[in-house]
Amino acid sequence: MPVLLKQILSVSWIGLRSIPQRPWLSLATIFTIATVVTVLLAFLAMSEGFRQTLTGGGSESVVLVMRGNAEAELNSVLIRDQVALLNSAPGIAKKDGAPLVSPELYVVVDGKKRSNEAKVNLPLRGMNSEGIALRENVTLTQGRMFAPGRNELVVGESLLREFQGFDLGNIVRFGASDWKVVGIFSAAGSVFESELWSDLAGVQSQFNRGSTVQSVRMRLTEPSAIEDLRAYIANDPRLNVDVVTEKAYFAKQAEGTSDIILMLGWPLAIAMALGALAGALNTIYTSVATRSREIATLRAIGFSSTSAFFGTLTESLLLSLLGGLLGSILALLFFDGISTSTLGSSFTQVVFRFDLSARLLLNGAVFALVIGFLGGLTPAFRAARIPVASAFSDR
Amino acid sequence: MAENISEISSAPTPLIQLRDVSKTYRKSGTDITIFHNLNLEIKAGDFVAVMGPSGSGKTTLLNLLGGIDRADAGSIAINDEELTHMSESRLSRWRADTVGFIFQFYNLMPMLNAASNVELPLLLTRLSRSERRKNVETALQIVGLEDRAGHSPKELSGGQQQRVAIARAIVSDPKLLLCDEPTGDLDRGTAAEILETLQMLNRDFGKTIIMVTHDPEAARYAKRVLHLDKGHFIEKELSS
């Protein structure tokens with residue numbers, strides 16, 4: 001082992017062994033950094049969970065057609081003639097000779113949160129059996145699928161978990177009509193689990209939408225067939241519509257809210273980190289001050305100033321790493337997997353779970369180490385520059 | 001370690017040569033001259049006690065000889081190496097090779113046991129772990145503490161701690177031992193034991209020792225006593 005490395009390890013080891021001499025200050029630093037990391041990870045997990053929920057339901061082979069320039073389904077309207085034209089578009093996959101096309105109506109209904117009974121907007125989607133076939137990973141976990149013309153609902157598991165009144169068998173009142181919950185479905189935690197589904201004709205009728213829909217979902221024969229479809233749409237002036245893949249649509253929907261969460265999370269975490277930085281700085285300065293005689297002794301023996309520098313920095317990095325680990329454990333215990341909901345871009349609630357992945361935990365550890373590095377840097381310089389002779393004269 | 005410790009040197013050339021050394025400190029805006037054109041020669045194998053009133057520059061002299069402080073002017077040559085213009089990193093290596101320090105308050109690492117404290121200077125060498133362990137055992141044997149290797153400083157008396165510090169100072173076989181009031185914190189009986197150990201290191205292992213002390217009794221263990229007064233030496237021969 002090179003002599004300098006041996007020196008650095010020795011000085012680091014001596015520094016780390018001296019931590020118990022400053023228990024409260026060291027613990028305070030660890031807890032401060034842990035708090036910062038916990039808060040940061042909570043925001044990151046929230047953003048990641050929201051993004052995963054939205055993008056998890058999107059497919060490259062399914063396209064969404066909406067009115068031109070409509071950013072979301074709620075702003076879109078398509079008339080029956082347009083739906084008929086889309087039925088005969090090229091590049092659409094077929095099942096039993098019929099194109100896999102699902103005209104859908106997306107309306108907002110009232111709901112109440114289980115946690116605080118706050119009134120919220122929930123999405124009710126009207127569609128036919130093709131709509132269910134177009135969605136991957138959808139399975140009925142309780143009850144049965146809705147039957148046409150009977151005001152029946154199936155409820156996503158996430159929606160059921162977060163909002164009250166949608167248990168199997170319940171009668172729910174939307175406006176002037178009653179709806180019966182006949183089934184509960186799961187959709188692998190995707191955004192579809194935040195929806196209520198019923199048959200298209202019933203929703204059109206109860207919400208006075210005539211024969212209009214808001215979007216048409218279609219399965220492509222293959223992802224590249226979207227170009228044929230776009231060409232077809234461009235050549236027909238009656239089709240003033242936009243076409244995007246479901247994946248791209250949800251990615252864009254996720255972007256806004258996910259970015260807002262991150263834009264809140266990072267500045268808050270950085271502001272808190274400045275406080276933690278001051279704490280780390282104070283702890284390591286105190287460490288250097290109380291150990292100045294030890295450091296001077298090592299320097300007198302022949303240890304280099306470089307080893308004093310890295311030895312001090314190691315102490316700071318270790319304390320911050322411990323803080324990072326503690327913060328990660330706290331975040332895993334208190335935030336990972338918790339379910340919540342927020343307003344999506346369609347002004348309806350999207351239910352999602354905090355998702356604390358290994359990548360995010362690594363981000364937390366790196367953030368903690370950055371605090372430790374910055375907090376230890378100037379005290380490490382001080383340790384390296386301790387005037388040996390005067391350190392011995394102070395007692 | 002014992003095999004490496006040099007025999008008494010009979011070389012006539014001085015181990016330490018100070019030529020026109022000046023040192024001034026600035027305190028509260030005032031320059032305080034400690035030395036002005038100080039000259040000194042100490043031969044290898046000598047045991048010199050440096051005495052003098054407080055503020056006479058005894059510790060400053062020791063710091064200059066140990067390369068932990070720098071002279072403002074003049075030349076300091078030790079073991080044929082000129083310290084004055086050495087870089088900090090070169091000085092660190094030079095200290096590791098040439099000097100052993102013994103302090104009044106021992107300056108042991110409280111979190112390390114006696115053996116690990118003694119081992120510290122060897123971490124600056126390329127010796128293997130087993131070689132280091134062997135040298136540490138030998139150094140502790142020389143100071144009579146081989147049975148205290150696993151004890152922490154807190155578990156040792158003041159005299160024993162100072163012995164550990166001496167073992168640490170000699171473990172890498174330096175030519176020069178610099179002792180700053182090595183018995184200043186000890187009772188008379190323990191101080192005598194420490195001074196006898198230093199005398200033995202000088203006599204049996206040829207270590208050149210410079211010892212700063214206030215205590216005339218301690219100075220009697222040295223071969224020569226130098227009195228520092230107003231930045232100059234006055235040499236006194238010892239009666240026996």
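The structure displayed is predicted, hence computed values, not measured ones. Just so it is clear: chains get the letters A, B, ... in the order the sequence lines come, proteins before strands, and each one is counted from 1.
Neither the backbone nor the side chain of L64(B) has a heavy atom closer than 4.5 Å to any heavy atom of chain A. With a threshold of 4.5 angstrom between heavy atoms, R299(A) approaches chain B through its backbone and through its side chain.
Ranked by heavy-atom pairs under 4.5 Å with chain A, the list T59(B), L123(B), N63(B) is led by L123(B). Contacts with chain B were tallied for S10(A), P20(A), A300(A), S304(A); A300(A) has the most, counting heavy-atom pairs under 4.5 Å. For the options G67(B), P110(B), A169(B), S89(B), heavy-atom pairs under 4.5 Å to chain A are most numerous at P110(B). Ranked by heavy-atom pairs under 4.5 Å with chain A, the list R168(B), R93(B), E88(B) is led by R168(B).
Within 6.0 Å of the NE2 atom in H36(B), the count of heavy atoms belonging to other residues, nucleotides or ligands does not exceed 12. The environment of R19(B) atom CZ is dense: over 12 non-hydrogen atoms of other residues, nucleotides or ligands sit within 6.0 angstrom. Atom CH2 of W13(A) has 12 or fewer heavy atoms from other residues, nucleotides or ligands within 6.0 Å. Counting non-hydrogen atoms of neighbouring residues, nucleotides and ligands closer than 6.0 angstrom, the CZ atom of R90(B) exceeds 12 such neighbours.
Rounded to the nearest 0.5 Å, atoms CG (L298(A)) and OG (S92(B)) are 11.0 Å apart. To the nearest 0.5 Å, atoms CG (L112(B)) and CD (E294(A)) are separated by 8.5 Å.
Side-chain N or O atoms of K6(A) include none that pairs as donor or acceptor with a backbone N or O of R126(B) at under 3.5 Å.
Shown here for I301(A) and L124(B), the closest heavy-atom pair between the two residues is O-CD1, 3.8 Å.
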Derivation and outcome, side-chain contact (heavy atoms from CB on, under 4.5 Å), residues T297(A) and L108(B): CA-CA 8 Å; T297(A) 302; L108(B) 299 177; over 6 Å; no
